[in-house]
Amino acid sequence: MIAEVIVDVAAHPIDRPFDYAIPAHLQVLVEPGMRVKVPFGNRKVLGFITAIKDTTAFDPARLKPIHELMDVVPVLNEELLDMAKWMKKQTVCFEIDALQVMIPSALRAKYEKRFVLNAPIEEIAAPLQAYFGKRPFVRAQEAVEVYGLLKKELEKGTIVADTDISQQTAVKKVRMIHITDSLETLESIEIRPNAKQQLKLMDYMKENLGKSIESSQMQKDAGTTLPTIYSLVEKGAAIINNEELYRDPKLQSEIERKPSLQLTDAQQIAFDAIDGSLSTSKTFLLHGITGSGKTEIYLQTIDQVLKEGKEAIMLVPEISLTPQMTLRFKERFGDMVAVLHSGLSAGEKYDEWRKIQRGEVKVVVGARSAIFAPFRNLGLIILDEEHESSYKQDDSPRYHARDVAIWRSEYHQCPVILGSATPSLESYARAQKGVYELLVLEQRAKNQPLPEVEIVDMREELRSGNRSMFSVPLAEAIRERLERKEQIVLFLNKRGYSSFVLCRDCGTVMQCPNCDISLTYHRSTEMMKCHYCGYDEPVPHTCPECESEHIRFFGTGTQKVEEELARLVPEARVLRMDVDTTRNKGAHEKILSAFGEGKADILLGTQMIAKGLDFPNITLVGVLSADTTLHLPDFRAAEKTYQLLTQVSGRAGRDVLPGTVIVQSYTPEHYAITLAKDQLYEPFYDREMAMRRASGYPPYYFVVNIQFTHEDLMTAASYAEQTVSYLKGQLSANTLIIGPSASLIARVNNRYRYQCLIKYKKEPKLAEVMQQLIKIYRSEWIKKGATLAIDMNPTSVM
DNA sequence: AGCACGCCGACT
DNA sequence: GTCGGCGTGCTC
């Protein structure tokens, strides 16, 4: 028997199966989808078995045997193995990357170099002996200072180098003590009268007959020690056992289960349409304005799927995976739900994943990667807020969860629901063409009116002498709400709004030495930081160029707004929510719940507050500048602005109190802003589609972005140039090839970035041409230190 | 990607 | 003389 293995080496020449002999003792155990340790060249690596076969095209005499089997149960099933092959083609990634992204990071390999003793310890140099304590090895990291000595031993063969491979996080185990349920057994046990500890523990056990208690807990409760427990275990009072434990099993039973809500007529129509197609691979686009009750439709559809004995995946963007959201699912489905989000530790994610793999849960709620949940009998996939760009992974494998969802729906013959108040143009266009079935919810579920939106022309404000970031109407509205004890949300687009340091004498803005981007001022740490490469340095007191002391912090970060707000309304209690204040685990939730409890009047934040904020007392939403996303050099700028404004407006007036939204803009006449005012999606769609058609962007054209980086500007440009002329020769005449041009941020980490763009409608040879391009890159450019990244269907082209 | 093999300059 | 620089080639 021979196994095809995809090894854990992400490199072009390695990106294919390698055949290995399966040793006799493993032959009954091996299955595709299991992880194995295999010899590869002169080292050992982890790999995935993708197939098992009887013959090989390779010289059978030179086959190496699998070194070790890592799993008893495959971590990937046949569906996911097939999908990896599809992803490799679809996204131009390494198959190993596709496989790795499907399993929890805890299962990914950890390689650690070690020096292993290969002779009695007395035979090695004396200074080295101390490094090996009782262990037969030292980690290479621990022994850097005696590297020279080690090298000599390596030559003698008294020490050998080795790589230890393990998975990153293990299954958590606890020592459980199962006390016998028979009082007679306990009473028949003889304990010497002077063994006070044992007698005390015996009393404890008699009180807890038949119970299973964690040993640490028992030690605490009974005031005893582990050896004492062991002595009673030996006498037959209890059984000791190491057992698997799920990390933090959030006491499901404490969450009160809640029944379904009554659907409105509109919800019912949408529900019926989906319910009638549960065994087809149809894709539905559920277009419902904010607050129209999409979630209730999801919940009831999932309920139907569960009744049929199938499973469901519910994807949400990471930022809207709030405790409120997960609570809602747990209330409905109890312990049938696993939740996967970035706030979990690797171990916790692994545990949630195992619940799915073992069939202990039937519903998964999670961010992008939850689309790979190893369900076997999938009945429904939902992508809420389907337009969100976070559904596309921005490094390899650059997959879009929507595409994976549709692939899985075909595999399982189950429907996909794409839900959004502001669908992506791609999805809406498909719905128009009848590829997806469009379902519309036009009314808010509680029938509240849409909030009133006022657009303030900031140019007027400037003209009338108001140079602050708060327009007169916004400032007034804020004061008014404060008086009425209502709550306010102020929203600041993060992009383009980081604070920087400017010298007022020479005009210098502090730049990152490694990247073409200005450094961002971080007040909490008093550091200047580069958001691209991580470079940081202390805030200077004088200008680094002209040594002037007239330097000032410029720009409008949330911190800056906070300061100005303090001058405007000193009495207001302000909560700030941005990357700085939410860095710690759970900080996000804390801020939100504090705001919900009315501990602050104003919530000030970036994108992350645009989602899932559902508090009845919010009656004013202010958008400080709607323009920042609008003028980015990206074909999706208008779409993103429209989506953001709609999303943000939806935060106001969600309950009985009517809401007002004030949007400040320097280009208030732009259609993305005027049409978002009344949530006129269709007109926006038509306008934007016309723009896309004219400029040759999705959904009219497919786009591929190819980016080069190199230490030398001219080299990067030259490879991009060569690529453009190569592509022009290979691709069809009506395909547009744009560039090469420098990327928006032309240098990151001291590497120059050049890119070119392919826009095509039909290009049957594309995959092949990309493979050819990779071959050229591999055979020539890679050696010269270039990198190449191909992004099929990028969400943005900046 | 790693790692070994292999062929030329500055040190004990 | 040797240590070590990184070019080249291979990995079932």
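Naming convention: chains lettered A, B, ... in sequence-line order (proteins, then strands); numbering from 1 in each chain.
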Interatomic distance, A:E112 CD vs B:dG2 C1' [rounded to whole Å] = 17 Å
Earliest and latest nucleotide of DNA chain C, 5' to 3', sitting under 4.0 Å from a non-hydrogen atom of chain A?
-> C:dG4 to C:dC12
Calculate, to the nearest 0.5 Å, the distance between atoms OH and NZ belonging to A:Y701 and A:K762 respectively.
-> 14.0 Å
A:K113 side chain near B:dC3 phosphate (N/O to OP1/OP2, under 4.0 Å) = yes
NE2 (A:H400) and CD1 (A:I371) are apart, to the nearest 0.5 Å, by 11.0 Å
Does any pair with a residue in residues 94-124 of chain A pass ring pair (Phe, Tyr, Trp, His ring centres under 6.0 Å), and if so which ones, sequence neighbours excluded?
-> A:H12-A:F94
So what does A:F58 hit on the nucleic acid, given a heavy-atom distance under 4.0 Å: a base, only sugar-phosphate, or nothing?
-> base
Within the modelled atom types, does a donor on one side and an acceptor on the other bring the side chain of A:R43 and the base of B:dA1 under 3.5 Å apart?
-> yes
In whole angstroms, how far is the P atom of B:dG2 from the CD1 atom of A:I96?
-> 13 Å
How is A:P17 classified with respect to the nucleic acid when contacts are heavy atoms under 4.0 Å: base, sugar-phosphate, or nothing?
-> nothing
Assign A:R62 to base, sugar-phosphate, or nothing according to its heavy-atom contacts below 4.0 angstrom with the strands shown.
-> sugar-phosphate
Does a nitrogen or oxygen in the side chain of A:N42 sit under 4.0 Å from OP1 or OP2 of B:dA4?
-> yes
Contact check, side chains of A:F372 and A:Y399, non-hydrogen atoms, under 4.5 Å = yes
Would one find more than 12 heavy atoms of other residues, nucleotides or ligands at under 6.0 Å from atom NZ of A:K85?
-> yes
Basic-acidic side-chain contact under 4.0 Å: A:K53, A:D19 | yes
A:D8 CG to B:dC3 P, in whole Å, measures 13 Å
Across the strands shown, which category fits A:I14 at heavy-atom distances under 4.0 angstrom: base, sugar-phosphate, nothing?
-> base
